[in-house]
There are 2 protein chains.
Amino acid sequence: MRDPRLHCPLTLAVKAISGKWKLYILSMLSDGTPKRYGELLKSTCENLTEKMLTSQLRELEKDGIITRKVYPEVPPRVEYMLTESGRKLCTIFEPLYEWGVDYMKTHRHDQLPWLEMGLKKLA
Amino acid sequence: MRDPRLHCPLTLAVKAISGKWKLYILSMLSDGTPKRYGELLKSTCENLTEKMLTSQLRELEKDGIITRKVYPEVPPRVEYMLTESGRKLCTIFEPLYEWGVDYMKTHRHDQLPWLEMGLKKLA
DNA sequence: CACAAAACCTACTAAAAAGTAAGTAAGCCA
DNA sequence: TGGCTTACTTACTTTTTAGTAGGTTTTGTG
């Protein structure tokens with residue numbers, strides 16, 4: 001018998017966002033304006049490598065959550081933005097974010113700083 | 001500088017549910033009745049191993065999402081159930097689930113079967 | 001006294017994911 | 001002609017995660 005989790009909408013949703021850098025990427029794109037590859041690469045203080053960024057972008061694209069647009073220029077320009085599915089997905093971040101805030105209060109995690117990404121704009 | 005993702009409520013929430021068997025476990029517990037170790041182990045057609053079940057349960061417990069209750073009997077009896085945080089977390093599954101349903105419609109995934117877990121009861 | 005039952009734990013191996021460092025293409029510009 | 005830019009590949013190594021097969025504990029029962 002096949003793994004029923006593969007066919008579960010909830011599992012699908014969670015898998016779509018659980019790559020190591022996907023929340024970061026999605027949050028960067030969540031304000032609606034397209035972002036260039038280099039822009040995504042440089043706007044985190046962490047060492048997000050090219051290999052990782054590329055693989056995460058490819059997965060998100062394959063899953064229909066973002067689109068990739070290549071401009072035929074030299075040097076090349078590639079822009080990424082959310083699809084309709086991607087935009088819907090981002091709206092669900094809100095309750096998750098709220099749960100996290102509540103959770104941090106009761107489980108005494110470090111309170112600050114946390115991502116100053118576009119996430120709050122979703123509210 | 002530290003990784004801001006570690007301090008992001010959203011990241012925390014997603015990490016809490018992204019273990020390989022966590023959604024399964026959470027869905028089993030989401031009806032509110034405590035479940036025994038062996039019950040969780042046997043109620044999936046997939047080969048969830050003892051090692052994996054134990055590690056996933058330990059993580060959920062460490063994260064304060066489930067509780068573990070040992071009854072001093074022989075043979076031993078151990079029951080797991082959701083904490084308050086865990087129950088709150090499960091309510092967020094609903095929008096994620098809905099997104100997944102919508103996503104499957106537009107991305108022509110196999111439609112059935114999917115997990116007949118307690119998830120729909122959350123509605 | 002040997003065996004069963006439940007819920008583990010441990011050591012070892014295999015597979016998957018991530019990190020590292022280097023290379024590529026295509027045209028503009030000096 | 002050689003260097004510069006951007007958005008990538010590729011090959012290789014290390015680390016993390018998961019799978020496999022065995023062992024342990026504690027009483028009750030035949």
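Chain letters run A, B, ... following the sequence lines, proteins first, then strands; residues in each count from 1.
We find that CG of A:Leu48 is positioned 18 Å from P of C:dA17, with the value rounded to whole Å. In this structure, CG of A:Asn47 is placed 11 Å from C1' of C:dA18, rounded to the nearest angstrom. As rounded to whole Å, 17 Å separates atom C1' of D:dT9 from atom CD of A:Gln56. Rounded to whole Å, atom P of C:dG19 lies 6 Å from atom CE of A:Met52. Atoms CD (B:Glu50) and C1' (C:dT10) sit 13 Å apart, rounded to a whole Å. Here the P atom of nucleotide C:dA6 and the OH atom of B:Tyr37 are 12 Å apart, to the nearest Å. The OH atom of A:Tyr24 sits 17 Å away from the P atom of C:dA18 (whole-angstrom rounding). Rounded to an integer number of Å, the gap from B:Glu39 CD to C:dA7 P is 9 Å.
Residue whose closest nucleotide on DNA chain C sits further toward the 5' end, between A:Pro75 and A:Ser55: A:Ser55. Each of B:Val74 and B:Tyr80 was matched to the nucleotide of DNA chain C holding its nearest heavy atom; the match closer to the 5' end belongs to B:Val74. Summary of the strand contacts: B:Thr49 and A:Glu79 both lie near DNA chain D, and taking for each the nucleotide with the nearest heavy atom, the more 5' one is attributed to A:Glu79.
Distances shorter than 4.0 Å separate some side-chain N or O of B:Lys20 from OP1 or OP2 on D:dG19. The side chain of A:Arg58 places an N or O atom within less than 4.0 Å of a non-bridging phosphate oxygen (OP1 or OP2) of D:dT9. Taking side-chain N and O atoms only, B:Arg36 has no distance below 4.0 Å to OP1 or OP2 of C:dA6. The shortest distance between the side-chain N/O atoms of A:Arg68 and the OP1/OP2 oxygens of D:dA7 is not below 4.0 Å.
With salt bridges taken as basic N to acidic carboxylate O contacts below 4.0 Å, none links B:Lys35 and B:Glu39.
In terms of heavy-atom proximity, A:Gln56 sits nearest to A:Trp21 at OE1-N, 2.9 Å. The minimum heavy-atom distance between B:Met104 and A:Pro9, with the atom names listed, is SD-CG, 3.8 Å. For A:Thr11 against B:Leu23, the heavy-atom pair with the smallest separation is CA-CD1, 3.7 Å.
Atom CG of A:Leu89 is separated from atom CG of B:Asp102 by 11.0 Å, given to the nearest 0.5 angstrom.
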